[in-house]
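Some notes on the structure that comes next.
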Amino acid sequence: MGSNVFFSVKLAEDHRSVVMLDQRRLPAHKEYRNFYSASEVAEAIRKMVVRGAPVIGVAAGFGIAVEAQRLLNCEDKESYRKDLKLACDLLEQSRPTAVNLSWVVKRMRKLLSVEYDSEEALASALIEEASLIASEDVAINYRIAKLGNQLIPQKANILHLCNTGALATVDWGTALGVIRMGHVSGKEIHVWVCETRPRLQGARLTTWELQQQSIPMTLIVDSAAGYLMQMKKVDLCLVGADRVASNGDTANKIGTYTMACLARLHDIPFYIVTPLSSIDTDILSGEEIQIEERVSDEILRPSGESLIASETTSVYNPAFDITPASFISGFVTEVGILQPPFTLQVLDKLKKEYQSHIVN
Ligand SMILES: CSC[C@H]1O[C@H](OP(=O)(O)O)[C@H](O)[C@@H]1O
């Protein structure tokens, strides 16, 4: 399935570091860096060396595995599991909005309560679980791409926000995975790429990914989206998700709500493309989702360059917003196009359906 000339994250062969493509340096520089502890990985997630809901979860899983390996060399075996629990806390707290961080850490943390013959055996189990989570991500995204492709009309002009491709996941991506499948299935699509201020994930990352896959695209400023819809140049909106509440309210990159409102006004289909794992059945609505607020410099100094306003300027920099379920046409997942509400029982049944599909 994977056919990229890059990878976003992987566990080093010797399991002593997490290797990540530094997405802050793209598109000009393709630089991989190694992170040798849970705290280094947590900082990399916080600083958005790696970013994108699914991939930060996978990176956190690898971070716990690397920490388990690192602590084996420490003399004090007494605090081994305690230190690993602290590592889980650190990684889980690195960014608040994407639910993937918490469910991956929760799944890894479960192993800390299992009896193993030795710390080495526990470390091996953590490495295996983190690697399984990464391989599951690729298979789920590929399935999402195949199912989502049915939504894409021939010669569609698709509006996309942020980056939801192989850089935001282990491979294929979510919304960009669907777009990629539309392209490879010969639908002659075109993508309007919103630059996605302030971190410019669209301009820097999505254009880079689409160019590598020779997918026709045009970069626009975020504020041009409404005009393109008004000019009837948009057939479909596809975006990702960081956390979906039980009622379908969705947290995604800032600007998603604006796009959804405009799509509704212009009667354009607006779909969230997301794995089931990004649906948080512990919360009823979007009101319960914490929106990450990031530093002022991301707005004041785009790409870290010169100031666009005085340093004393008051800045508000929410990294996400909440789109009400009523503005969303549907949720493209690995088990098909879904409608809320999403209960734990429904999700468990759907996940079992997916598992039986991949087994058969
Ligand atoms: C595959 S969905 C990725 C999701 O994460 C992005 O946020 P960030 O770049 O801040 O990690 C954005 O919300 C995307 O939709």
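Every number for a ligand or one of its atoms is a count from 1 in the order of the listing.
For Glu188, the side chain to side chain donor-acceptor pair (under 3.5 Å) test picks out Lys155, with sequence neighbours left out.
Closest non-hydrogen pair, His190 versus Asn157, comes out as ND1-OD1, 2.9 Å.
The protein residues lying under 4.0 angstrom from ligand 1, judged by non-hydrogen atoms, are Met48, Arg51, Gly52, Ala53, Pro54, Arg95, Cys162, Asn163, Thr164, Ala168, Thr174, Gln201, Gly240, Ala241, Asp242, Asn252, Lys253, Phe320.
Taking the six-membered ring for Trp, Phe35 and Phe62 have ring centres at least 6.0 Å apart.
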Side-chain polar contacts of residues 227-234 - donor-acceptor pairs under 3.5 angstrom, sequence neighbours left out - could you list them?
none

Ignoring hydrogens and angles, write down the donor-acceptor pairs under 3.5 Å from the side chains of residues 52-59, residues two or more places apart or on other chains.
none

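Salt bridge present: Arg70 and Glu67 bring a charged side-chain N and a carboxylate O closer than 4.0 Å.
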